[in-house]
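Written below as structure tokens is the structure these notes are about.
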Protein chains: 2
Amino acid sequence: MTHQTDNPDDPKIPRFHVAVDVVALTIKRNLLQVAVVRRDNPMSCIIDKSTGIASEVPRKPTDYALPGGQVKWQNENLIDAARRELAEETGIELSRDDLVQIGAYGDVGRDPRSGRTVSVAFVAFNAEFATPFAGSDAASAQFIDVVEVLAEPNRLEFDHSRIIREAISRVRDLMERTPIALKFCEEEFTLSDLRHVYEVIFHAAYNEDADALRYADRIRSDDALTGGREFEERMQLLSRTILESKTMFSMDSPEPLRSLGSVGFSSKRTSSRESEVVDKLQRVLKDEYRRSEAVSTRNPDSARANLKISLDAANFSRKATAIEGFIEEIPESTRSSASGTGKPAQLYRKGKAKKLDPPLVVQRRPTKPAKRPAK
Amino acid sequence: MTHQTDNPDDPKIPRFHVAVDVVALTIKRNLLQVAVVRRDNPMSCIIDKSTGIASEVPRKPTDYALPGGQVKWQNENLIDAARRELAEETGIELSRDDLVQIGAYGDVGRDPRSGRTVSVAFVAFNAEFATPFAGSDAASAQFIDVVEVLAEPNRLEFDHSRIIREAISRVRDLMERTPIALKFCEEEFTLSDLRHVYEVIFHAAYNEDADALRYADRIRSDDALTGGREFEERMQLLSRTILESKTMFSMDSPEPLRSLGSVGFSSKRTSSRESEVVDKLQRVLKDEYRRSEAVSTRNPDSARANLKISLDAANFSRKATAIEGFIEEIPESTRSSASGTGKPAQLYRKGKAKKLDPPLVVQRRPTKPAKRPAK
DNA sequence: GCAAAAGTGTTTCCCCTACACCCATGG
DNA sequence: CCATGGGTGTAGGGGAAACACTTTTGC
């Protein structure tokens with residue numbers, strides 16, 4: 001009755017399809033993007049939110065899926081299958097080091113087609129997926145903003161939205177104690193580049209309750225100081241939105257915003273109320289994005305733009321350089337800053353450490369009241 | 001070519017055995033124990049350390065495996081299969097909440113028998129597995145110390161030693177930010193019980209480099225203060241052992257102590273040198289264990305014993321109670337301390353929070369020099 | 001010159017550790 | 001009455017956040 005004591009060939013024991021799915025992440029401008037494909041099947045496999053069961057429905061042009069597929073050979077390791085599928089469908093070729101396993105997804109009903117499929121999910125990183133979409137199946141592959149693909153009217157097939165959210169949640173955890181952030185950077189990078197990675201991953205949009213609140217507050221006060229008026233208004237909207245929805249894009253909940261009202265809030269909110277919140281949030285973020293897009297278009301080489309969500313640059317650089325083996329200075333090398341102006345920055349390359357000690361804590365506490373003696 | 005575009009019934013795509021394995025953890029006295037079974041097959045499936053390939057060899061009485069087995073039905077969820085297998089083989093019945101998925105293990109060669117098996121591993125918790133070994137297959141099930149089962153002469157079948165180490169590593173990570181520690185406690189518990197859980201899980205034996213060093217130092221200084229002489233000697237041995245081996249039971253490395261010498265140490269160490277280190281460590285830990293065993297036998301009701309590895313009780317209680325929603329006081333209830341002496345302790349039950357905010361950090365830094373103004 | 005970014009110096013203040021102290025119990 | 005464990009009070013030191021300031025670039 002156990003796989004230890006059973007005859008593995010017992011015909012009564014079912015065999016399963018084993019697949020892999022890849023959450024390939026990259027940072028474009030100020031938002032996290034994920035690689036998705038449009039399947040060429042006329043039917044999409046969409047999960048019904050109330051039953052949790054997937055069924056085949058007519059495909060809409062806004063239906064996406066993660067790159068992935070079945071393990072093809074008896075002697076193909078899971079991680080190699082993931083690399084192969086990613087390459088086949090997007091043209092991106094990565095080494096084993098660039099993939100991290102997230103877990104297995106094998107719920108009954110996650111795949112409506114015949115048989116039962118257990119899928120093993122991986123996250124994959126690259127700074128700049130330079131030659132994507134060159135693969136054979138790649139015609140319909142693209143990178144898309146995570147906040148966009150998770151929201152209406154887009155739909156993700158199977159349980160892929162859950163996989164994306166859990167993947168990001170895991171990445172956030174890894175950011176503190178492992179050098180995973182460097183995988184989003186080029187080989188040579190500045191402290192500013194690195195900081196930008198942390199800023200994006202820890203952005204409220206990819207964050208859970210407490211952190212979201214913390215950051216919204218920080219954003220507001222930052223902006224109040226710099227005096228941006230229109231921007232502050234938008235951020236206050238975001239802040240209120242977060243306060244109302246409380247969990248926002250809670251990465252751990254089974255569905256986006258499903259947990260709305262489940263944390264002690266009066267849970268009388270209807271789903272129309274929920275989607276209203278999503279809409280607000282979407283508007284705000286997309287607004288920011290368009291703004292940064294405009295800036296970046298003016299400076300096409302700029303990898304970052306002027307989204308006013310920022311960590312303290314001075315102290316971040318001290319933290320990062322204090323961690324033994326995290327990054328190492330490249331002597332006598334600098335790069336002028338992305339915006340063209342400002343002092344050229346020191347270049348670094350990745351160090352030898354596999355673990356960050358001390359961990360790189362992005363912010364310890366919500367900077368409570370900014371009560372400082374008025375000089 | 002992808003599971004999205006493929007015909008799932010394509011006969012050229014292989015199907016696999018899908019199994020589950022359960023790492024059922026409990027704390028006995030001062031050591032972490034894991035449930036293992038002795039399979040009744042005359043052959044054991046043991047992985048060759050150099051090739052990483054498992055093969056069937058004559059069974060020794062010191063060969064163990066994790067409880068687990070194949071997913072039996074088309075409509076059985078992975079977590080339910082894990083619960084079923086655990087119940088069948090050990091008699092332990094748990095709810096879904098008590099299992100956490102660790103990941104999928106599907107390396108080629110991990111199972112020498114026919115076909116290919118992908119196994120999904122779970123950790124399971126219980127304070128006191130009160131009625132274990134009542135199940136049908138349970139004759140050969142037992143709990144065994146983790147430090148013992150991972151060392152000579154014991155052998156773990158398949159890749160189960162790797163699974164155990166990765167499971168513990170994951171548990172340690174979860175201890176900081178989730179209320180997972182409460183799963184090792186009874187329904188009603190004292191702060192002392194809770195602290196004991198943290199002490200055991202963060203024990204150097206289940207720890208990686210930096211943490212191990214930190215704790216060894218702390219142990220030494222603690223003991224130096226209390227003046228224990230014989231004990232201090234043993235701890236210095238442990239400390240030296242750690243310094244020499246550097247990674248000790250590195251939970252993330254593929255094999256116990258495989259990473260020895262891989263962190264900048266002169267890697268000339270032979271494997272006999274490695275096993276010497278293991279032996280030392282084993283001696284020290286088993287020594288401690290026997291000592292605590294003796295104490296516990298005198299006080300059979302005592303869930304904890306007097307292992308001198310301890311967090312600061314006073315500050316731990318403040319930290320734990322400061323975390324919102326972590327634990328809640330049970331009014332007007334106390335329990336006299338385990339040793340019989342001392343003031344009765346306040347009882348708590350688990351709170352509502354799913355995340356710990358702020359995280360429960362066991363110790364921030366290795367208390368560098370204990371330089372305090374000599375009063 | 002001016003704005004913007006990099007990065008170092010410096011100050012302030014909060015939090016965490018450490019220790020003292022008191023309480024309640026059993027022997 | 002002493003030893004032991006539970007728990008609160010509190011001081012002070014370390015460290016991170018906040019702020020100041022210099023340097024270097026583009027316009």
Side-chain angles (χ1 to χ4, degrees), chain A residues 189-196 214 218 221-222 225-226 295 298-299 301-302 304-306 308 310-322 329 333-348 358-375, chain B residues 189-196 218 221-222 225-226 295 298-299 302-306 310-322 329 333-348 358-375:
Chain A
F189 54 89
T190 66
L191 284 174
S192 186
D193 294 335
L194 180 60
R195 175 165 47 88
H196 187 240
R214 176 180 313 172
R218 186 184 167 83
S221 68
D222 275 356
L225 291 175
T226 59
V295 173
R298 269 180 269 128
N299 305 298
D301 290 336
S302 165
R304 89 191 70 92
N306 67 346
K308 280 281 194 299
S310 58
L311 303 174
D312 184 281
N315 292 323
F316 180 89
S317 82
R318 272 184 275 241
K319 275 189 187 176
T321 51
E329 205 166 302
S333 66
T334 57
R335 181 202 294 159
S336 54
S337 75
S339 70
T341 181
K343 183 177 174 178
Q346 174 64 49
L347 287 176
Y348 292 84
L360 179 30
V361 179
V362 172
Q363 196 182 11
R364 185 174 300 287
R365 295 246 166 258
T367 308
K368 284 183 193 170
K371 58 175 175 188
R372 211 187 154 86
K375 170 191 166 197
Chain B
F189 54 89
T190 66
L191 283 175
S192 187
D193 295 335
L194 180 60
R195 176 166 45 87
H196 187 241
R218 187 187 166 83
S221 70
D222 275 354
L225 290 176
T226 59
V295 173
R298 269 180 269 127
N299 304 299
S302 167
R304 88 192 70 93
N306 68 346
S310 58
L311 302 174
D312 184 282
N315 293 323
F316 180 88
S317 82
R318 272 185 275 241
K319 275 188 187 177
T321 52
E329 206 168 300
S333 65
T334 57
R335 181 203 295 160
S336 53
S337 75
S339 70
T341 181
K343 183 177 173 179
Q346 173 65 48
L347 287 176
Y348 292 83
L360 181 28
V361 179
V362 173
Q363 197 184 10
R364 186 172 298 287
R365 295 246 166 258
T367 308
K368 284 183 194 170
K371 61 173 173 189
R372 212 189 152 86
K375 173 188 162 197

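Within every chain, numbering begins at 1; the chains are lettered A, B, ... in the order of the sequence lines, protein sequences first and strands thereafter. Keep in mind that the numbers below use all heavy atoms, side chains included, and drop hydrogens, waters and symmetry copies.
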query = Are any non-hydrogen side-chain atoms of B:Thr190 and B:Thr334 less than 4.5 angstrom apart?
reply = no

key: Flag side-chain contact, heavy atom, 4.5 Å: A:Asp193 against A:Arg335   = yes

key: Those residues that, when tested against A:Ser333, pass side-chain contact (heavy atoms from CB on, under 4.5 Å) (two or more places apart)   = A:Ile330, A:Gln346, A:Leu347

inquiry  = Can you measure B:Leu311 atom CG to D:dG5 atom C1' for me and round it to whole angstrom units?
reply    = 16 Å

remark   = Rounded to whole Å, CD of A:Gln346 lies from P of D:dT25 at a distance of 13 Å

query = Between A:Asn315 and B:Tyr348, which has a closest nucleotide on DNA chain D that is more 5'?
reply = B:Tyr348

query = Can a donor-acceptor pair under 3.5 Å be found between the side-chain atoms of A:Arg318 and the base atoms of C:dG9?
reply = yes

task = Please identify each residue that fulfils side-chain contact (heavy atoms from CB on, under 4.5 Å) with A:Ala314, with sequence neighbours left out.
result = A:Asp312, A:Arg318

task = Any chance you could measure B:Leu194, atom CG, to B:Leu360, atom CG, to the nearest 0.5 Å?
result = 7.0 Å

inquiry  = Determine whether a donor-acceptor pair (one donor, one acceptor, N or O, separation below 3.5 Å) exists between the side chain of A:Asp312 and the base of D:dA18.
reply    = no

Atom pair CG (B:Leu191) and NZ (B:Lys319), whose distance is rounded to the nearest 0.5 Å = 13.5 Å

task = Check the distance between C:dT17's P and B:Leu360's CG and give it to me in whole angstrom.
result = 11 Å

With sequence neighbours excluded, residues passing ring pair (Phe, Tyr, Trp, His ring centres under 6.0 Å) with B:Tyr348 = none

query = Does OP1 or OP2 of C:dT17 have a side-chain N or O of B:Lys319 closer than 4.0 Å?
reply = yes

key: Nearest-Å distance for atom pair CZ/C1', residues B:Arg335 and D:dG5   = 14 Å

ask   = So what does B:Ala345 hit on the nucleic acid, given a heavy-atom distance under 4.0 Å: a base, only sugar-phosphate, or nothing?
value = sugar-phosphate

ask   = Looking at five pairs on each end of the helix from C:dG1-D:dC27 to C:dG27-D:dC1, what is the angle between the two axes, given to 10 degrees?
value = 0°

request  = Measure the distance from CZ on A:Phe189 to P on C:dA5 and round it to the nearest whole Å.
outcome  = 20 Å

request  = Mind calculating the distance between CG (B:Leu347) and P (D:dG6) to the nearest angstrom?
outcome  = 12 Å

note = Atom CG of A:Leu194 and atom P of C:dG7 are separated, to the nearest Å, by 12 Å

Give each protein N/O atom lying under 3.5 Å from an N/O atom of nucleotides 22-24 of chain C, with the pair distance.
from, atom 1, to, atom 2, distance (Å)
C:dA24, N3, B:Lys343, N, 3.4

task = Report yes if a side-chain nitrogen or oxygen of B:Arg195 is closer than 4.0 Å to either non-bridging phosphate oxygen (OP1 or OP2) of D:dG6; otherwise report no.
result = yes

query = Please give, in whole Å, the distance from C:dA6 C1' to A:Glu329 CD?
reply = 13 Å

